[in-house]
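One structure below.
Residue numbering restarts at 1 for every chain, and letters A, B, ... go by the order of the sequence lines.
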Protein chains: 2
Amino acid sequence: MVQADKRERLIQAADGLFHQKGFEHTSIADVASAAEVPLGNVYYYFKTRGDLMRTVSEHRLASARARREGLNALPSPRDRLIAWVNSFEDSTEECTAYGCPIGSLCLEANKLGGPMAKDASVVFRDSLEWMRKQFLEMGFADRMAREYAARILGGRQGSILLANTFKEPEYIRLEIARLRKWLGELPAGKGRNGK
Amino acid sequence: MVQADKRERLIQAADGLFHQKGFEHTSIADVASAAEVPLGNVYYYFKTRGDLMRTVSEHRLASARARREGLNALPSPRDRLIAWVNSFEDSTEECTAYGCPIGSLCLEANKLGGPMAKDASVVFRDSLEWMRKQFLEMGFADRMAREYAARILGGRQGSILLANTFKEPEYIRLEIARLRKWLGELPAGKGRNGK
DNA sequence: GTCTATACGGCGATAGAC
DNA sequence: GTCTATCGCCGTATAGAC
């Protein structure tokens, strides 16, 4: 199907360009040219630039979920979390070069105002939710589970910002190692789901 | 002096707007109108938009240094660090609403490429350097001092990103509390400056 | 030094032929 | 469904009167 192919190529191109150059600095013409689709044709698939951005976010959400699907085979929630954190290593170079694709987009969307902010945040919201469930399964109270999930995501985002700012991947690697160590040593919670 | 006054007003206006709307989304016209200076006159004070941005970064660097000056009166490096971390509380609301002014600018500048990236990073570089000195004075080896400095800055930046994304200041407050606790309990280093 | 008017380019979005 | 041509707006930067 030619349609789906072009649409897919546009999403892929937009995803990459939003990451590398930022949303605000990526024009429809940039996306069209990278996807090798004529400029005007883009508007057949996406009504506005914001629409394209929302689609990219949905696409990223699906990707993140798919990557976690594989982890659900692991029997222990602790191991799932550690495997998840370890998987961050694959993107160290890209994140050092361009920052976190999701984090950058959230920040940009928030400055723009409007409904895009919520669209961009769905990936983080979903990640936090998944991590929270793992910590609940480890026996932590809901409050702790939320706090720990935020610690992982926040720690990672902070390390990426530093790595990107100073073009130094070591910040990311150190944080991954620290999170892994912390998860490994963390005593399991006592309550059954914090009851 | 009318000159210095206008220049100052332009810097202040640009500082605020870069924070609230982002650099890429703030036009010279926006800055001029916020500072109540005619559009064309801006170019008498700043050659280009990038020039204005560099000036704002220098201005922020000076502010951060001035705020730390007061802390140098404290005799213990640990207390200086704790006081520094505590001072983050003042900006919790603004950071929740608009993100970290410095972090946002660094990220944007990195996406733009060119020399702006370095201009934007000077504030972080200077903060890290100051924190590193405090940890050295506490007796930590240089490697640990750098790592700990990055932990404070990274932890803070990550918490701000989450707070901004979800419009929830609690992320920032929790991280401040965690850093304060960590600094309070951290055993002093053994070596004299890591020797 | 100050301000107005405007040149010039780029971008989002659309019209309309095929 | 596909693609070209183009409209209209906004942004940076400059020219030049005062």
Side-chain angles (χ1 to χ4, degrees), chain A residues 1-57 104-105 108-109 111-117 119-120, chain B residues 1-57 104-105 108-109 111-117 119-120:
Chain A
M1 226 185 291
V2 182
Q3 265 187 58
D5 183 45
K6 280 198 185 166
R7 195 186 142 90
E8 198 57 37
R9 257 156 48 211
L10 284 168
I11 296 173
Q12 294 286 351
D15 191 341
L17 287 171
F18 289 171
H19 187 196
Q20 291 167 34
K21 316 202 329 173
F23 173 70
E24 204 58 14
H25 205 246
T26 298
S27 68
I28 298 276
D30 288 336
V31 177
S33 131
E36 293 182 274
V37 169
L39 174 59
N41 203 342
V42 175
Y43 291 90
Y44 174 75
Y45 297 100
F46 305 97
K47 237 163 54 153
T48 67
R49 200 155 139 271
D51 200 39
L52 176 55
M53 189 269 224
R54 179 217 298 263
T55 310
V56 167
S57 277
S104 318
L105 199 57
E108 270 192 277
K111 304 247 179 204
L112 259 65
M116 288 191 204
D119 294 336
Chain B
M1 228 186 291
V2 182
Q3 266 187 55
D5 183 44
K6 280 197 184 166
R7 195 185 143 89
E8 199 59 34
R9 255 157 48 211
L10 285 168
I11 296 173
Q12 294 285 350
D15 191 341
L17 287 172
F18 289 170
H19 186 197
Q20 291 167 35
K21 316 202 330 173
F23 173 69
E24 204 59 13
H25 207 245
T26 299
S27 69
I28 298 277
D30 289 335
V31 177
S33 128
E36 291 183 273
V37 169
L39 172 61
N41 203 344
V42 175
Y43 290 90
Y44 175 75
Y45 297 99
F46 305 98
K47 235 160 61 149
T48 68
R49 199 155 139 270
D51 199 41
L52 176 55
M53 188 268 223
R54 180 217 297 263
T55 310
V56 167
S57 278
S104 317
L105 198 59
E108 272 192 275
K111 305 248 179 203
L112 259 64
M116 288 190 204
D119 294 336

>> So I28(B) and Y43(B), do their side chains get closer than 4.5 Å, heavy atoms only?
In response: yes
>> Expressed as a whole number of angstroms, how long is the span from M53(A):CE to dC11(C):C1'?
In response: 18 Å
>> Measuring only between side-chain heavy atoms, which start at C-beta, is K111(A) closer than 4.5 Å to H25(B)?
In response: no
> Atom CG of L112(A) to atom P of dG12(C): distance rounded to whole Å?
Replying inline: 12 Å
> Is there a side-chain contact between E24(A) and R49(A), using heavy atoms and a 4.5 Å cut-off?
Replying inline: yes
> NE2 of H25(B) versus P of dG10(C): gap in Å, rounded?
Replying inline: 19 Å
> How many Å lie between CD on E24(A) and C1' on dG10(C), as a whole number?
Replying inline: 14 Å
> Roughly, in whole Å, what's the span from CG in L39(B) to C1' in dA13(D)?
Replying inline: 9 Å
> Between atom CG in L10(B) and atom P in dT2(C), what is the gap in whole Å?
Replying inline: 11 Å
> Between G40(A) and D30(A), who's closer to the 5' end of DNA chain C by nearest nucleotide?
Replying inline: D30(A)
>> Distance check needed: dC10(D) C1' versus R49(A) CZ, whole Å only.
In response: 14 Å
> Where the side chain of N41(A) is concerned, which of dT2(D), dA13(C), dT12(D) is the nearest nucleotide?
Replying inline: dT2(D)
> Taking the side chain of I28(B) as its heavy atoms from C-beta onward, which of dT12(D), dC3(D), dG12(C) lies nearest to it?
Replying inline: dT12(D)
> For Y45(B) and dA13(D), what is the distance between atoms OH and P respectively, to the nearest whole Å?
Replying inline: 18 Å
> Any side-chain heavy atom of F46(B) within less than 4.5 Å of one from R54(B)?
Replying inline: no
>> Let's see if you can work this out: which of dT2(D), dG12(C), dA13(D) has an atom nearest to the side-chain heavy atoms of Y44(A)?
In response: dT2(D)
>> On a heavy-atom basis, which atom in R9(A) and which in E36(A) lie closest, and how many Å separate them?
In response: NH2-O, 3.3 Å
>> It should be established whether Y43(B) places a side-chain nitrogen or oxygen under 4.0 Å from OP1 or OP2 of nucleotide dA15(D).
In response: no
>> Closest approach to the side chain of K6(B), judged atom by atom: which nucleotide of dA13(D), dC3(D), dT2(C) is it?
In response: dT2(C)
